[in-house]
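Okay, handing you the structure first.
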Amino acid sequence: MNTPTVLVTGATGTVGSALVPALLARGATVRAMTRNPERPVPGVENVVADLQDPQAVAAALKGVDAAFLNSPSTEDAAALQIRFAELARECGVERLVLLSQYGARTDSPVRFLRWHAEVEQHVHRLGTDHTVLRPNLYMQALLGFAGTIAHGVLAAPIGGAPVSAIETRDVADAAAAVLTSPGHTGTTYTLTGPRAVTHGQIAHALSTATGREIAFQEVAPEDFTAALTGLVPPWVLDGLVEDYAHYARGEAAVVHSCVADLTGHPARDITEFARDHATAFVPA
C-alpha cells in the first residue's frame, strides 16, 4: 500500500493523538475523525462524525484505503465498532486495524475482554483485510490517578501481581506500522511493555522521576469501588474492578516482542513514562 489514506477514529484521544503524527512520519495521508468540530487535529484533513451516526461514518470512510478503529468507552461500544466494520467493508476500505485488549476472549469474566472478543470475531467473519492489536494496561491510565499519586499514594487492588503495561505511544507506533506496511492480514498482535512491573515498582519509578516519595498501597476491591463511586459511571467502575481482578490473578504479566518487531524500536519502559510525565504527578 503506497502512501495510503488512513482514517483515524478517536483522533484526539490518547492513542489517536499519538497515531496521527506516527502515520504522517511514515508518509501516510491522514483523515482525522473527531466528534467535536471545535477540536480539529492540525495538519491533516478533519471530518466530524460520531460512531452513533452511521451516515456520517460512511461519509468519513469514503475514499480511504485503511481505517483505525477505536471507540469511546460506552456500554454499546461493541455494537458501534461492529457497525463501523460493516460500513468500512461496504465503503471498500482495503484494511481495517482494530484496537482490542490484551487477553480478549468470549468466555472471560471481564466484561471489557468479552466485548472486545465479540468485535474481533465479527470482524473476522466479515472476511475483510484486518489486523487486531491487543494492548495491555496503558501506562497512561496512571494519569487518571494523578491526584492521589501527587499526594504520595498509588492505590489499587492488585497486590504484588506484575503487569506488562504499555505506553500508548508504542501502541500508536505499532498501529502506524500495521496501517502502512503489508504482511499483517488476519494477524493478532499482543502489545506490551518491555517487562512486567508491579505497582510497587511503578510507584518507585514515579518517586525517582518526581523526586518525591510515592508509595504503593494495596486496597480491597470494595474500598477501591467506594473511592471511585460517583466519579465514573457504575458500569465503567464494575468493569474496572473486573480488570483489576484480572491483573491481580497474574493474567496480564506475559511480555511480548510485537512492539519491537513491528516498529524496530524497543517498547518504552515505565521509567521513561514516569520521566516524561513527571509533572502530572506533583501537587499543583
Side-chain angles (χ1 to χ4, degrees), residues 1 3-33 41 44 64-71 81 84-85 88 93-104 112-113 116-117 119-120 123-124 128-142 163-197 252-273 276-277:
M1 191 183 295
T3 59
T5 297
V6 181
L7 177 70
V8 176
T9 63
T12 57
T14 305
V15 174
S17 60
L19 176 56
V20 169
L23 285 168
L24 293 175
R26 287 177 171 267
T29 300
V30 177
R31 181 180 296 174
M33 182 173 131
V41 178
V44 300
V64 302
D65 302 300
F68 175 74
L69 175 54
N70 186 18
S71 70
Q81 291 189 21
F84 181 98
V93 176
E94 296 175 16
R95 178 176 301 171
L96 178 66
V97 175
L98 171 65
L99 191 67
S100 184
Q101 187 175 342
Y102 182 110
F112 299 146
L113 299 186
H116 282 297
V119 179
E120 287 185 21
V123 169
H124 181 70
T128 54
D129 182 329
H130 70 280
T131 305
V132 175
L133 302 179
R134 289 181 175 178
N136 205 346
L137 173 67
Y138 293 161
M139 294 180 191
Q140 273 74 3
L142 292 165
V163 180
S164 53
I166 186 169
E167 234 270 16
T168 53
R169 288 176 292 180
D170 289 327
V171 178
D173 288 347
V178 170
L179 284 159
T180 58
S181 62
H184 309 290
T185 301
T187 304
T188 296
Y189 295 109
T190 298
L191 306 178
T192 72
R195 60 185 173 119
V197 291
V254 176
V255 174
H256 293 256
S257 65
C258 295
V259 169
D261 295 341
L262 290 169
T263 68
H265 67 70
R268 294 171 175 87
D269 189 69
I270 187 64
T271 55
E272 187 171 353
F273 167 84
D276 291 348
H277 295 84

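This one's a predicted model, so the numbers in the text were calculated from it and none came from an experiment.
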- Message: Going by the rule ring-ring contact (aromatic ring centres under 6.0 Å, His included), which residues pair with F273 if we only count those two or more places apart in sequence or in a different chain?
- Response: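 ring-ring contact (aromatic ring centres under 6.0 Å, His included) list for F273, sorted by chain: H277.
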- Message: Taking the side chain as everything from C-beta on, heavy atoms only, tell me whether Y102 gets closer than 4.5 Å to V163.
- Response: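 No, their side chains stay 4.5 Å or more apart.
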- Main-chain N/O of F68 paired with T9 side-chain donor or acceptor, under 3.5 Å: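 Judged by distance alone, yes, a pair lies under 3.5 Å.
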- Item | Listed partners of A253 passing side-chain contact (heavy atoms from CB on, under 4.5 Å), at least two apart |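 Result, side-chain contact (heavy atoms from CB on, under 4.5 Å) vs A253: P162, A196.
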- Please report the closest heavy-atom contact between E94 and D129, naming both atoms and the distance.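 That would be O-CB, 3.0 Å.
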- Side-chain contact, heavy-atom cut-off 4.5 Å: H265 with V259?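 The answer is yes, as the side chains (C-beta and beyond) meet within the 4.5 Å cut-off.
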- ring-ring contact (aromatic ring centres under 6.0 Å, His included) partners of H256, counting only residues at least two apart: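 Once residues adjacent in sequence are excluded, H256 has no partner under the ring-ring contact (aromatic ring centres under 6.0 Å, His included) criterion.
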- Minimum heavy-atom distance between P194 and A267, given as atom pair plus value: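 That would be CG-O, 3.6 Å.
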- Message: What I want to find out is whether D276 reaches R268 closely enough, with some N-O distance under 4.0 Å, to be called a salt bridge.
- Response: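 Between R268 and D276 there is no salt bridge, as every charged N stays at least 4.0 Å from the carboxylate O atoms.
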- Item | Min side-chain heavy-atom separation D170-L191 under 4.5 Å |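 Side chain of D170 against side chain of L191, heavy atoms only: no contact under 4.5 Å found.
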- Find the distance between CZ (R169) and CG (L19) and round it off to the nearest 0.5 Å.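 Between R169 CZ and L19 CG, I get 14.5 Å after rounding to 0.5 Å.
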- Item | Shortest non-hydrogen contact between R26 and T263, atoms and distance |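 It is NH2-CA, 4.3 Å.
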- By ring-ring contact (aromatic ring centres under 6.0 Å, His included) - contacts of H130 (at least two apart):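 Counting only residues at least two positions away or on another chain, H130 forms a ring-ring contact (aromatic ring centres under 6.0 Å, His included) with H124.
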- Message: Quick one, I270 and L142 - any side-chain contact, counting heavy atoms below 4.5 Å?
- Response: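 Of all side-chain heavy-atom pairs linking L142 with I270, at least one is under 4.5 Å.
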- Message: Do R95 and T185 make a side-chain contact, defined as non-hydrogen atoms from C-beta onward lying under 4.5 Å apart?
- Response: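 They are not in side-chain contact.
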- Heavy-atom closest pair, residues A104 and E120: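 Between these two residues, the closest heavy atoms are CB-OE2, 3.7 Å.
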- Just by modelled atom types, is the R134 backbone N or O under 3.5 Å from a matching donor or acceptor in the T190 side chain?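 Judged by distance alone, no pair lies under 3.5 Å.
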- Item | Qualifying residue for side-chain contact (heavy atoms from CB on, under 4.5 Å) with L133, from V178, V15, L98, L69 |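 Between L133 and the candidates, side-chain contact (heavy atoms from CB on, under 4.5 Å) is satisfied uniquely by V178.
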- Item | Any donor-acceptor N or O pair under 3.5 Å, side chains S164, N136 |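 Side-chain D/A pair, S164 to N136: present.
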- Query: What are the two closest non-hydrogen atoms of A28 and T180, and how far apart are they?
  - Reply: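 Closest approach of A28 to T180: CB-CG2, 4.0 Å.
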- Could you check if a side-chain atom of V171 sits within less than 4.5 angstrom of a side-chain atom of L99, using non-hydrogen atoms only?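 A side-chain contact exists here, since the closest heavy-atom pair is under 4.5 Å.
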- Query: Who are the ring-ring contact (aromatic ring centres under 6.0 Å, His included) partners of Y138, not counting sequence neighbours?
  - Reply: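 Result, ring-ring contact (aromatic ring centres under 6.0 Å, His included) vs Y138: none returned.
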- Message: Can you confirm whether V44 sits close enough to L24 that some side-chain heavy atom of one is under 4.5 Å from a side-chain heavy atom of the other?
- Response: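 Side-chain contact under 4.5 Å: yes.
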- Task: Answer whether the closest heavy-atom distance between the side chains of V30 and V8 falls below 4.5 Å.
- Result: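 Side chain of V30 against side chain of V8, heavy atoms only: contact under 4.5 Å found.
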- Item | Residues forming a side-chain hydrogen bond (donor to acceptor under 3.5 Å, both in side chains) with S17, sequence neighbours excluded |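 Partners of S17 under the side-chain hydrogen bond (donor to acceptor under 3.5 Å, both in side chains) test: none.
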- Item | Contact summary for L179 and A66, nearest pair of heavy atoms |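 So the two residues come closest at CD2-CB, 3.9 Å.
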- Message: Could you tell me if Q140 and T14 have a donor-acceptor pair between their side chains, going purely by distance under 3.5 Å?
- Response: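 The criterion, which ignores hydrogens and geometry beyond distance, is not satisfied for Q140 and T14.
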